[in-house]
There are 4 protein chains.
Amino acid sequence: MDNNPKKSQILEVAEKLFAERGFAGTSVRDIAHEADVNVSMISYYFGSKEKLIDALFESRTDESRSQLESLVMNEELAPLQKINIMIDAVVERLVEKECFHKIMMRVQLTSERSEVISEKVMGFKLRNMELMKKLVEEGQHAGVFRSGLDLSLMMTTLYGTVNQAIATQDFYRIIHNLEHMDHLEFRAHLKRKLSQHLKNLFKSTVTNEHHVEN
Amino acid sequence: MDNNPKKSQILEVAEKLFAERGFAGTSVRDIAHEADVNVSMISYYFGSKEKLIDALFESRTDESRSQLESLVMNEELAPLQKINIMIDAVVERLVEKECFHKIMMRVQLTSERSEVISEKVMGFKLRNMELMKKLVEEGQHAGVFRSGLDLSLMMTTLYGTVNQAIATQDFYRIIHNLEHMDHLEFRAHLKRKLSQHLKNLFKSTVTNEHHVEN
Amino acid sequence: MDNNPKKSQILEVAEKLFAERGFAGTSVRDIAHEADVNVSMISYYFGSKEKLIDALFESRTDESRSQLESLVMNEELAPLQKINIMIDAVVERLVEKECFHKIMMRVQLTSERSEVISEKVMGFKLRNMELMKKLVEEGQHAGVFRSGLDLSLMMTTLYGTVNQAIATQDFYRIIHNLEHMDHLEFRAHLKRKLSQHLKNLFKSTVTNEHHVEN
Amino acid sequence: MDNNPKKSQILEVAEKLFAERGFAGTSVRDIAHEADVNVSMISYYFGSKEKLIDALFESRTDESRSQLESLVMNEELAPLQKINIMIDAVVERLVEKECFHKIMMRVQLTSERSEVISEKVMGFKLRNMELMKKLVEEGQHAGVFRSGLDLSLMMTTLYGTVNQAIATQDFYRIIHNLEHMDHLEFRAHLKRKLSQHLKNLFKSTVTNEHHVEN
DNA sequence: AATGAATGAGGTTTCATTCAT
DNA sequence: CATGAATGAAACCTCATTCAT
């Protein structure tokens, strides 16, 4: 990112605070203070608060671009293996980039988004959808996935489950008596559990068994 | 609620705007304007903006209290039937009370919540967890549910999927070319789809087949 | 006072709060709440907050009217005796009507006062000045008081000392380790001390000795 | 103060308005308007209205710190001379810093004060009390002051008289037909009169004559 | 005669941004 | 290029008062 240390610092702090308090709930003063830069720096570097979050989206979605693309192209893996790898990738990405994905969640809840963000989010989702579509069709063609699969609902479950897990992680810790774990340890634990859970969930859903149509 | 039309009107508008724009992103002016009341009415009736959202939580969680309790107690239904009914109930509740549950999602993302809200949300979740625990144990005792079920992950998937579906409903409409549907029609469609999807998902998960432990 | 219990109650509470927090620092809501009446009662009974304090002055200055007049007319007492009695009277009045005189102090500090209050205060002071003037002239005529007495400065000292004592009574209690005393006990103590102090102060000042003119 | 002209300007105007109208009776708008600065400057420089008056106390009490300390240490003056010099100093200070001492009076009348102010006022009074105590003990040791002197009552009279004179100066002018005098002239006159009056008052009180104990 | 609901003006403070340096 | 001072708009809230009952 621009190899300007102050700019990166601002982006990093903004990401954290936007995640914790939301966009409107975070003031540029808060960001400036926590990033240990002058308030005017934000307007100076990014133009405005609005453009700061745009830049954040620009920066963060660019990072993870095409992370999954190679997976689909891989010809050595079985369809179900690919699904599982993809689950791992999504869990990994969402949990590791917790802050950014909290912002994504907030943004998706919001009716009016900025041009930049809408476009980024939409592009991001369409691309993922396309990739998975290929993956699923491949499995269906191979006869291992059932035909009536609603891809978007599956993705809804995938993303929804991980997002919900991230949003309610404090509750999860309390319920499971994991308050002693440090952040890293817990994150690893959560990723493992989510991964396993989602793989089990999907295995039976994508295959031909146990299905009832309405 | 209090059989005071202005108060209810404020609460309703607040619910909608908080859902759409978030708490900090909604000004009391916005609420007052849209509810067609004087700005000072909000302080007059609720004390402050903070207490308004507290009152909103108070009012909305009270409404749905014990909605699910009778289900668990019912002795004529089979465990899996109960699960399915519960899925329907959750889908119904979250989709119909879309605004309120969007606020819930936002609140859960936020690090600092008000005393009242924290308590309500926590109580709400613990109660639901307890109810589902009973339901699951009943199924396990009857031998139809597998033993290693992680209840909290199942709820995470249930709520997460519905929440995600609500948050990304516009995307869903676009993907499935459902933009022609009016709001009511679409809601019915979404509920049906979610219900079916989740039932299928859970059916194979709660029963004894297809499972791999990590 | 009008034999209306609510009106009196309001006046009493207003007196206390105006004394403690000042006029602008006291809201009609505070008064209404503490007096346990509806807010609108104050406007209803008195017309406005401004007129409430006017009514307070009306009511309280009327009470103490002509309290001192008989003293001056008394022909059986020696001039110095009269001075001493007057000192006692002032101390008694100011200490016992602490709240009202705190308001008086505040009002005197304020540049813009209401018509009613200005008139009341001015009349009050002029009347007292006149009475004391007679008293002093009598003493001078009898040859026991010195001629150059500055009456207004003497009154300034008399009222100033008592007012200052009232205003700084907490400090006085701390300094003299009298924090154990209850309010009534302390008030009696303070009156006795002030009376003695002022009598001693005045005795030598009004008589012919020890004086230096500038 | 801080060599910032706008900040000083705000402090000066605030001092005047708080003196005239009280703290609650003065709005930050009033101050900003009269000081010819933007309203938000007050929060910007001082944080809040409350902190503005705190800063005022900080600034003004710092100014007059240890003004009297050297007097007590002086070994060439007789005790009574010292008393007289101290009287002059108090009269000078209170009359010249009229506005600030009006605020002090108001603050002392008020039950709830800010931490900063309480501390400043208390420290200020304790320090003065200590200094005068030394002065009096010295006089008692030298045999020229009587033993039963109540120091706090003497200070009450000293400060009370000057304060009362300041508070009622308009009345004084009317009584003495001094309305023609300009402000400076009158101030000089008042200081002279007060000084003379208080010296005479104290001379006979601190020495051994004319005293009656209760 | 008495009240509680309602109001608009104005209070203090925070906000994102700009400007002069 | 970078900054800290400064700003006006708008935020939330409290105020004294009024009005319909």
Side-chain angles (χ1 to χ4, degrees), chain A residues 4-7 10 14 23-33 36-53, chain B residues 2 4-7 10 23-33 36-53, chain C residues 4-7 10 14 23-33 36-53, chain D residues 2 4-7 10 23-33 36-53:
Chain A
N4 179 328
K6 286 202 180 172
K7 253 179 121 166
I10 290 169
F23 179 73
T26 306
S27 78
V28 292
R29 290 189 124 77
D30 293 342
I31 298 168
H33 183 258
D36 205 33
V37 300
N38 190 279
V39 235
S40 55
M41 293 277 76
I42 283 150
S43 292
Y44 180 66
Y45 279 131
F46 299 94
S48 71
K49 190 187 174 187
E50 198 76 36
K51 283 180 193 155
L52 166 60
I53 198 173
Chain B
D2 231 276
N4 179 327
K6 287 207 181 177
K7 231 175 145 173
I10 290 170
F23 179 74
T26 305
S27 76
V28 293
R29 275 185 156 91
D30 295 342
I31 298 169
H33 182 259
D36 202 35
V37 299
N38 189 283
V39 251
S40 55
M41 289 276 75
I42 283 149
S43 292
Y44 178 68
Y45 279 130
F46 300 95
S48 70
K49 191 187 173 186
E50 193 75 36
K51 283 182 192 155
L52 167 60
I53 199 173
Chain C
N4 178 329
K6 286 202 181 175
K7 253 179 120 165
I10 291 170
F23 179 73
T26 305
S27 77
V28 292
R29 289 190 125 77
D30 294 341
I31 298 168
H33 183 259
D36 204 34
V37 299
N38 189 279
V39 235
S40 55
M41 293 276 77
I42 282 148
S43 293
Y44 180 66
Y45 280 131
F46 298 96
S48 72
K49 191 187 174 188
E50 198 76 36
K51 283 181 192 155
L52 166 61
I53 198 173
Chain D
D2 233 277
N4 180 327
K6 287 206 180 176
K7 230 174 147 175
I10 290 170
F23 179 74
T26 306
S27 77
V28 292
R29 275 186 154 92
D30 294 341
I31 298 169
H33 183 259
D36 203 35
V37 299
N38 189 283
V39 253
S40 56
M41 290 274 74
I42 282 147
S43 291
Y44 179 68
Y45 278 131
F46 300 96
S48 70
K49 190 186 174 188
E50 193 75 34
K51 283 183 191 153
L52 167 59
I53 199 174

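Fair warning: this is a prediction, and the values are worked out from it, not measured in the lab. Lettering follows sequence order; numbering is per chain, from 1.
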(Q) Let me spell it out: for each of C:A24 and B:E50, pick the nucleotide of DNA chain F with the closest heavy atom. Which residue's pick is nearer the 5' end? (A) B:E50
Q | Between C1' of F:dA10 and CG of B:D30, the distance in whole Å | A | 11 Å
Q. Looking only at side-chain N and O atoms, does B:Y44 come under 4.0 Å of OP1 or OP2 in F:dT14?
A. no
Q) Which part of the nucleic acid, if any, lies within reach of B:K51 when heavy atoms closer than 4.0 Å are counted: base, sugar-phosphate only, or nothing? A) nothing
Q: Select from A:S48 and B:V37 the residue whose nearest nucleotide in DNA chain E is closer to the 5' end of that strand.
A: B:V37
Q: Could you state the atom-to-atom distance from NZ of D:K49 to C1' of E:dG10 in whole Å?
A: 12 Å
Q) Is D:K49 close enough and on-axis enough to D:F23, meaning under 6.0 Å and within 45°, for cation-pi? A) yes
Q) Rounded to whole angstrom units, what separation is found between the OH atom of C:Y45 and the C1' atom of F:dT18? A) 17 Å
**Q.** Rounded distance (Å) that lies between atom P of F:dG4 and atom CG of D:N4
**A.** 15 Å
(Q) From CZ of B:F46 over to P of F:dC12, roughly how many Å is that when rounded to an integer? (A) 15 Å
Q: Assess D:K7 against D:F46: is NZ or CZ under 6.0 Å from the centre of the six-membered ring, and within 45 degrees of the ring's axis?
A: yes
Q: Using whole Å, report how far CD1 of A:I42 lies from P of E:dC15.
A: 12 Å
(Q) For the CD1 atom of C:I42 and the NZ atom of C:K6, what is their distance to the nearest 0.5 Å? (A) 11.5 Å
**Q.** Residue mapping more 5' on DNA chain F - nearest nucleotide basis, C:V28 or B:T26
**A.** B:T26
Q. 5'-most contact on DNA chain E: D:R29 or A:G47, nearest heavy atom basis?
A. D:R29
Q. E:dG8 base to B:S40 side chain: any donor-acceptor pair below 3.5 Å?
A. yes
Q: From the options E:dT3, F:dA2, E:dT12, select the nucleotide whose nearest atom is closest to the side chain of C:N38.
A: E:dT3
Q) Side chains of D:I31 and D:L52: closer than 4.5 Å at any heavy-atom pair? A) yes
Q | Nucleotide of E:dA2, F:dC12, F:dT3 approaching B:S27 most closely (side-chain heavy atoms) | A | F:dC12
Q.
What is the separation between atom CD1 on B:I31 and atom C1' on F:dC13, rounded to the nearest whole Å?
A. 14 Å
(Q) Rounding to an integer number of Å, can you tell me how far A:L52 CG sits from E:dT17 C1'? (A) 14 Å
Q.
Counting only Watson-Crick pairs (N1-N3 plus N6-O4 or O6-N4) and G-U wobbles (N1-O2, O6-N3), all under 3.5 Å, who is the partner of F:dT14?
A. E:dA9
Q. Between E:dT14, F:dA2, F:dA10, which nucleotide has the shortest distance from any of its atoms to the side chain of A:M41?
A. F:dA2
Q: State, with a plain yes or no, whether a side-chain heavy atom of C:Y45 is found less than 4.5 Å away from one of C:N4.
A: yes
(Q) Please name the nucleotide paired to F:dT7 by Watson-Crick or G-U wobble geometry with both distances under 3.5 Å, or report none. (A) E:dA16
Q.
Show the nearest heavy-atom pair for residues B:G25 and B:D30, with the distance to one decimal.
A. O-OD2, 4.3 Å
Q) Can you find a side chain N or O atom of A:K6 that sits less than 4.0 Å from OP1 or OP2 on F:dT3? A) yes
